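Presented below is the structure to which this report refers.
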Number of protein chains: 2
Amino acid sequence: MSIELEKALDRVLEGDCVETLKALPAGCADLVFADPPYNMQLKGELRRPDNSKVDAVDDAWDQFESFQAYDKFTREWLAGVRHVLKDNGTLWVIGSYHNIFRVGVALQDMGFWVLNDVVWRKSNPMPNFKGKRFTNAHETMIWASKNPNAKYTFNYEAMKAMNDDLQMRSDWTLPICSGHERIKNADGEKAHSTQKPESLLHRVIVSSSKPGDVILDPFFGSGTTGAVARRLGRHFIGLERDKEYASIARQRIAAIEPAPDECVEVTRSKRAEPRIPFGWVVERGLLPPGTILHGQQKRHKAKVRADGTLVCADATGSIHQIGAHVQGAEACNGWTFWQYEHKGKLIPIDVLRQQLRASIS
Amino acid sequence: MSIELEKALDRVLEGDCVETLKALPAGCADLVFADPPYNMQLKGELRRPDNSKVDAVDDAWDQFESFQAYDKFTREWLAGVRHVLKDNGTLWVIGSYHNIFRVGVALQDMGFWVLNDVVWRKSNPMPNFKGKRFTNAHETMIWASKNPNAKYTFNYEAMKAMNDDLQMRSDWTLPICSGHERIKNADGEKAHSTQKPESLLHRVIVSSSKPGDVILDPFFGSGTTGAVARRLGRHFIGLERDKEYASIARQRIAAIEPAPDECVEVTRSKRAEPRIPFGWVVERGLLPPGTILHGQQKRHKAKVRADGTLVCADATGSIHQIGAHVQGAEACNGWTFWQYEHKGKLIPIDVLRQQLRASIS
DNA sequence: GTCGTTCGTGAATCGGACG
DNA sequence: TCGTCCGATTCACGAACGA
């Protein structure tokens, strides 16, 4: 059995991911993002101090008989990933201490080359209610190439631009998925127990893929990978065993408006930029790529790109550079110069930086 | 061959750690901290942008022929750790993505139970000079008990106090070891290539051991574990293969002044306080039989009986049982739920328990 | 509408003494 | 080993609600 690429591109394929991976054309994916079951071995129920019950991840898909069974499963889907991944492609896997060590060993044994382990620091994790351990406040991602000498994509300058013009570190502070972003079913319950935040996928995709690339997710779930890929001008291939999840993902992605082409381009040149993490505002969805910013009561305007740079009629650069450029000035504080429109009012983007600071610290 | 505990306590034992672990008495350690070789697979030398050479970890002790050889080594020293570790003791291992996955799998396979993975976020990491990856800005520690049901030590309140009265999270931001703390040899070069900061060991030891405990480090190196253990009023056992390192560690530790006893004590948890039956409060006359207790601002009430049980409209039982009963809840902490009226104010009965405790001790 | 308060909830391997 | 019962334990957000 085999599946043609055009039948898979920008689609959600239902079925067992190991089988589907085998059936897909070799080397069809530039990037793979995988959020496999964590194999959490929960015992009894857990209650908060106020006696309410914690809605734990007790889905059948997270149950394995033993570590050995989990290892076997891991090696099977990783073999499938090796098949679909281009030789210069890279793989991201996310997990917790329950499973990530086993994934890491499997990766190394199978010839993948670990490039980084990246820690997702949750700004708002669930507390430890019984006071018996440290608050489990992070998850771990492994970023690996297919082999030690691969010429993989890493958008170094874009990452640096997104991080205050400092090199992007291996620890990323981002909030968990909640509020309107969290997809609910008809009963108002969460549609998927482990939906990942779009900001996380934004950073993964901007860092290690190019516009037009094919991003494959073998555990598609609610389709966060597809949603962000589409918004950022990448193709996706989603594999999902559960029909309900697949259906939710399709609906979700259909509602996504891709950002204009020029907005998903990221910085390539090595130029000194001021130390302002405007990219985080974009990454966190406080301003979507493509948003128009206004300067001096609509006398000037520019458009936001995915890596936090701005583009105007004849130039590209940081919020400060473009602010200075459009005024013909030597320097400019972009945070106070640029404004965005909200309910008919112009609001300085510095407000968003303050929001972000408050949520991070 | 065997080594008596008194010959090992507060000493640095030279020799192969696997052999030494076997020779030590079973169950002699309350806590083990291990900083094993990372098995970094460096290819060629690394240079900074200014062409200066980076003094990488290329020591002979960090070279393994293959992952299999590293795994074998790991399981050998971990078996030794199981031998020396008390049943209710815990183990910390620190590593990077080069080795930590393999350590984690070995731990899990050997029956250890992971309690947390803790990320050490370096506030001042070495940058990535090539711009080909994310700045490697953290290391990972695994904290594990000997088996799933162990009654391990975790000084929850102490950790909370150290973190501005918020639960301590699984990510710790601490600087790397540098400046005066970094031990130099006669030539001014660093004496050990991977010396850990004392602040890291401080947090490890305060969180998961008690004063007087025995802390064993099978890869003692420059002796950071011993230095901090001594300062915090714990015993240490250091195992080190290299005579030079052992000598450096001995000198270093000899210069340490232990903190006064009262300073190494940490906040006692409420769980460790002596238990006071509610009946004692009645017996001592702090509340006369017949007193009316109120729950939730007079929404519920019950009457105290001479034996310390409560009676409400339709039930009799302990303060906890009746508290749960009137709320229709499964459980309740009667000490904090019930209040009595004194001079027109409602006062939690827990206040009386505290009075009684103070008068007893 | 606005502001302040209450309520709900998130990938969680979450107790221990005593009979 | 198992059942019973005491009694210790939460942070950040966003939504909903009420004044």
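Letters A, B, ... are given to chains in the order of the sequence lines, protein chains preceding strands, and every chain is numbered from 1. Keep in mind that this is a model prediction, so the values were computed, not measured.
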Sugar-phosphate, base or nothing in reach of B:Glu157, heavy atoms under 4.0 Å: sugar-phosphate
Rounded interatomic separation in angstrom, taking CD from B:Glu330 and C1' from D:dG7: 15 Å
Exercise: do B:Lys303 and B:Thr291 side chains pair donor with acceptor under 3.5 Å: no
From D:dT9, C:dA12, D:dG14, nucleotide with atom closest to A:Ser178 side chain: D:dG14
Mutual orientation of the aromatic rings belonging to A:Trp172 and B:Phe134 [parallel < 30°, tilted 30-60°, perpendicular > 60°]: perpendicular
Anti or syn - C:dT13, cut at 90° from 0: syn
Sugar-phosphate only, base, or nothing, as touched by B:Cys332 at under 4.0 Å among non-hydrogen atoms: base
Sugar-phosphate only, base, or nothing, as touched by A:Lys184 at under 4.0 Å among non-hydrogen atoms: nothing
Touch class at under 4.0 angstrom, heavy-atom based, for B:Pro148 against every strand present: nothing
Sugar-phosphate, base or nothing in reach of A:Pro197, heavy atoms under 4.0 Å: nothing
Touch class at under 4.0 angstrom, heavy-atom based, for B:Leu166 against every strand present: sugar-phosphate
Close residues, residues 127-136 of chain A, relative to DNA chain D [heavy-atom separation under 4.0 Å]: A:Pro127, A:Asn128, A:Phe129, A:Lys130
Touch class at under 4.0 angstrom, heavy-atom based, for A:Gly44 against every strand present: base
OP1 or OP2 of D:dG7 under 4.0 Å from side-chain N/O of B:Arg275: yes
Whole-Å distance separating the CG atom of A:Asn124 from the C1' atom of C:dA11: 14 Å
Whether over 12 other heavy atoms sit under 6.0 Å from A:Glu45 CD: yes
Audit row: B:Gln167, B:Tyr156, side chain to side chain donor-acceptor pair (under 3.5 Å) steps and yes/no: CA-CA 8 Å; B:Gln167 289 189 334; B:Tyr156 174 77; 3.1 Å; yes
Enclosure of B:Lys301 NZ (heavy-atom neighbours >12, cutoff 6.0 Å): no
Whether A:Phe101 and B:Phe101 hold their rings parallel, tilted or perpendicular, with breakpoints at 30° and 60°: tilted
Touch class at under 4.0 angstrom, heavy-atom based, for B:Arg353 against every strand present: sugar-phosphate
Sugar-phosphate, base or nothing in reach of A:Thr194, heavy atoms under 4.0 Å: base
A:Val57 side chain, from C-beta outward: closest of D:dA15, C:dA12, C:dT13: C:dA12
Sugar-phosphate, base or nothing in reach of A:Asn39, heavy atoms under 4.0 Å: nothing
Touch class at under 4.0 angstrom, heavy-atom based, for B:Asp350 against every strand present: nothing
Closest listed nucleotide, where the reference is the side chain of B:Lys160 and the choices are D:dT10, C:dG10, C:dT13: D:dT10
No-H, no-angle donor-acceptor pair, A:Arg48 side chain to C:dG10 base, under 3.5 Å: yes
Options C:dA11, C:dT13, D:dT9, nucleotide nearest the side-chain atoms of A:Asp35: C:dA11
A:Arg102 to A:Phe67 six-membered ring, cation-pi geometry met (6.0 Å, 45°): yes
Side chain to side chain donor-acceptor pair (under 3.5 Å) assessment of A:Tyr245 paired with A:Trp61: CA-CA 12 Å; A:Tyr245 293 159; A:Trp61 49 253; 3.2 Å; yes
